[in-house]
Amino acid sequence: MTDGVDGTKEGRNSMTEHTPLFVIENLRAGIEGKEILRGVNLVIERGEIHALMGPNGSGKSTLAYVIAGHPNYEVYEGRILYKGENVLELPPDERARMGMFLAFQYPTAIPGVTMANFLRLAVNSVRKARLGEDKALSPREFRRLLREKLEMLRMDESFASRYLNEGFSGGEKKRAEILQMAMLEPEFAVLDETDSGLDIDALRTVSEGVNRLFNPNMALLVITHYQRILNYIRPHYVHVMLDGKIAVSGGPELAEELEEKGYDWVKEQFAEAAS
Ligand SMILES: Nc1ncnc2c1ncn2[C@@H]1O[C@H](COP(=O)(O)OP(=O)(O)O)[C@@H](O)[C@H]1O
Ligand SMILES: [Mg+2]
């Protein structure tokens, strides 16, 4: 008997083996010695939009920070594989240079730095790492790319000459994040509560921007407490986080069910399954 040549589990696995774009394996992490994520597993392929939902305090933002490599967070166990490489061993800027993008729930202001200057530094740093030292954009090329992206996102050109996040309204901060994402052309992006603080028009504009940027070669993880942004950015998969674990996963209909019934039924089901 030979192993794994035809029809056996091993044979099939080795024939169809490929590296998913993004994998989280049994991730345990927290802050100041307090465990918040208690065994998270997730697989995201190129071309997929995943939504991560869950009640406040369930650990969604913690997951976003750990993916980004925020230094305050501690990883106790598990791996995060991006293109097959464990990024937990890499500093945040290295992760960004590999094509990961993290938009934060509370972006910080950097006084004295314009959007355009900030974006030029970020874009050229990523381009040099991904394409080669001589692939930085000249000022003229950069301005052309910036104009193209501003137009694509229906943003005014004056936006880029403003100081980064200084005096930005909630909606403008979100737009700035999406512009940053457009410029960096990431292959994997995490949007944490991109809908928070947006009125319905801003929500629509920002979502349309994200949809225009999305392409089958990349993947998105959209983190949200509320279902409403998912009316605009349609996910292929929906996951619900409870107490630092993904309790339920499903298709887009799961988000609608949560909107209707709230999170309590998931909590009840999860408590039953765990006991
Ligand atoms: N800096 C911190 N220090 C201690 N606990 C924190 C800190 N940040 C978040 N937490 C706790 O971690 C848990 C998860 O928070 P968070 O990841 O922000 O959840 P979510 O984004 O789902 O609302 C909460 O109980 C919160 O109180
Ligand atoms: Mg949060």
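No hydrogens, no waters, no symmetry mates; every other heavy atom, side chains included, goes into these values. Counting starts at 1 for both ligands and their atoms, in listed order.
Annotation for ligand 1: atoms under 4.0 Å from non-hydrogen atoms of N56 are 23 (O). Which parts of ligand 1 touch T62 is read off a 4.0 Å heavy-atom cut-off, strictly below it: atoms 14 (C), 15 (O), 16 (P), 17 (O). Below 4.0 Å from some heavy atom of K34 lie the following atoms of ligand 1, by number and element: 5 (N), 11 (C), 25 (O), 27 (O). With ligand atoms numbered from 1 in the order given, ligand 1 contributes 17 (O), 18 (O), 20 (P), 21 (O) to contacts under 4.0 Å with heavy atoms of S61.
Residue S61 counts as close to the Mg ion (ligand 2), with an N, O or S atom under 2.8 Å.
By heavy-atom distance, the residue among I31, I223, L242 lying nearest atom 4 (C) of ligand 1 is I31. Residue nearest to atom 24 (C) of ligand 1, selected from G57, G59, S58, G33: G57 (by heavy-atom distance).
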Residues F159, F168; criterion ring pair (Phe, Tyr, Trp, His ring centres under 6.0 Å); working and verdict: CA-CA 10 Å; F159 193 61; F168 276 20; 5.4 Å; yes
Chi angles and distances behind the side chain to side chain donor-acceptor pair (under 3.5 Å) call for N217, E187: CA-CA 7 Å; N217 210 23; E187 287 169 274; 4.8 Å; no
Residues 239-246, side-chain donor-acceptor partners within the protein, below 3.5 Å, at least two apart:
from : atom 1 : to   : atom 2 : distance (Å)
H239 : ND1    : S249 : OG     : 2.7
H239 : NE2    : H50  : ND1    : 2.8

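Taking the six-membered ring where the residue is Trp, the centroids of F188 and F22 are separated by under 6.0 Å.
Residue I36 has no nitrogen or oxygen atom sitting less than 3.5 Å from a nitrogen or oxygen atom of ligand 1, judged on distance alone.
Between the side chain of H225 and the main chain of G54, a donor-acceptor pair closer than 3.5 Å is present.
Taking every heavy atom of both residues into account, P235 and P252 meet most closely at O-CG, 3.6 Å.
In the hydrophobic clustering (ILVMFWY side chains linked at under 4.5 Å, chained through shared members), L131 stands by itself.
Ligand 1 lies out of reach of G54, whose nearest heavy atom is not under 4.0 Å from it. Judged by the shortest distance from any of its heavy atoms, P55 lies inside the 4.0 Å radius around the atoms of ligand 1.
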